[in-house]
Trainee: 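Below is the structure I would like to discuss, written out as structure tokens.
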Amino acid sequence: IDENPAQDRVWETDQYVQLTIPVDKKHGLTLVGQDRWGALNFYENAPFPYRWTTSQTYLLTKRFNRVFSLSLRARDQWAVASGSPYVKPNAQHNGTIDVLADFKIDTNTLH
């Protein structure tokens, strides 16, 4: 269902900077920090894209072998107080901490 049939284009953008630090190459430990800003969320029924003042992500990854790695990710996101969907000066704030397990299977080596 097209909730806004009068609108056929939506222009939005977001930018980010990222820093990857190999903490311990020998043991496969890497730290990544990212700061992102811009129109990060858009919902079709919204009057305009919601903008974030910042969305920071930190990822610490330990690679155990060629197949398996384990990561700890923390995110902190702050929205611009735009008056929608919350009344000013209220705005959305999201924070998460995740544990991620990554299994890599190279299908080119399966016979």
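Computation of the quantities below employed the complete heavy-atom set of this structure, encompassing side-chain atoms and omitting hydrogens, waters and symmetry-equivalent molecules. Note that the coordinates shown come from a computational prediction; the quantities given were computed from them, not determined experimentally. One is the number of the first residue; the rest follow in order along the sequence.
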Trainee: Report the residues that fulfil side chain to side chain contact (heavy atoms under 4.5 Å, CB included) with D14, sequence neighbours left out, ordered by chain and then residue number.
Mentor: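 Partners of D14 by the side chain to side chain contact (heavy atoms under 4.5 Å, CB included) criterion, ordered by chain and then number, come out as R36, L40.
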
Trainee: Does Y16 OH have over 12 foreign heavy atoms under 6.0 Å away?
Mentor: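 No - once you tally the heavy atoms of other residues, nucleotides and ligands closer than 6.0 Å, there are 12 at most.
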
Trainee: What pair of heavy atoms forms the shortest contact from A79 to A91, and how long is it?
Mentor: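 Reported closest heavy-atom pair: O-CB, 3.4 Å.
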
Trainee: Is there any salt bridge (Lys or Arg N to Asp or Glu O under 4.0 Å) pair reaching into residues 72-86, and which pairs are they, with sequence neighbours excluded?
Mentor: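 Counting only pairs at least two positions apart or across chains, the salt bridge (Lys or Arg N to Asp or Glu O under 4.0 Å) contacts touching residues 72-86 are R73-D98.
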
Trainee: Distance from W37 atom CH2 to Q56 atom CD, nearest 0.5 Å?
Mentor: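 With rounding to 0.5 Å, CH2 (W37) is 11.0 Å from CD (Q56).
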
Trainee: Between side-chain atoms of residues 101-110 and protein atoms elsewhere (two or more places apart, or another chain), which donor-acceptor pairs fall under 3.5 Å?
Mentor:
residue	atom	partner	partner atom	Å
D106	OD1	N108	N	3.1
T109	OG1	D106	O	2.7

Trainee: For S71 versus T61, what's the shortest heavy-atom pair and its separation?
Mentor: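 What the structure gives for the nearest pair is OG-OG1, 2.9 Å.
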
Trainee: Which pairs pass salt bridge (Lys or Arg N to Asp or Glu O under 4.0 Å) with one or both residues in residues 21-35, sequence neighbours excluded?
Mentor: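 Checked against salt bridge (Lys or Arg N to Asp or Glu O under 4.0 Å) - neighbours excluded - no pair reaches residues 21-35.
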
Trainee: What's in the same ILVMFWY side-chain cluster as L100, cut-off under 4.5 Å, chained through other members?
Mentor: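 Members alongside L100: V32, L59.
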
Trainee: Should I21 and L19 count as side-chain neighbours, where that means a heavy-atom distance under 4.5 Å?
Mentor: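 Yes - at least one pair of side-chain heavy atoms lies under 4.5 Å apart.
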
Trainee: Are L72 and F64 linked, directly or through other ILVMFWY residues, by side chains that come within less than 4.5 angstrom of each other?
Mentor: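 In one cluster with L72: F64, yes.
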
Trainee: Using the side chain to side chain contact (heavy atoms under 4.5 Å, CB included) criterion, which residues pair with R63? Sequence neighbours excluded.
Mentor: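 For R63 the side chain to side chain contact (heavy atoms under 4.5 Å, CB included) partners, ignoring immediate neighbours, are S69.
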
Trainee: What heavy-atom pair brings F68 and N65 nearest, and what distance separates the two atoms?
Mentor: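 Answer, listing the atom of F68 first, then N65: N-OD1, 2.8 Å.
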
Trainee: Give a yes or no on this: more than 12 heavy atoms of other residues, nucleotides or ligands lie within 6.0 Å of atom CH2 of W78.
Mentor: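 Count not over threshold, so no.
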
Trainee: On a heavy-atom basis, which atom in H93 and which in Q77 lie closest, and how many Å separate them?
Mentor: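 Answer, listing the atom of H93 first, then Q77: CD2-O, 2.9 Å.
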
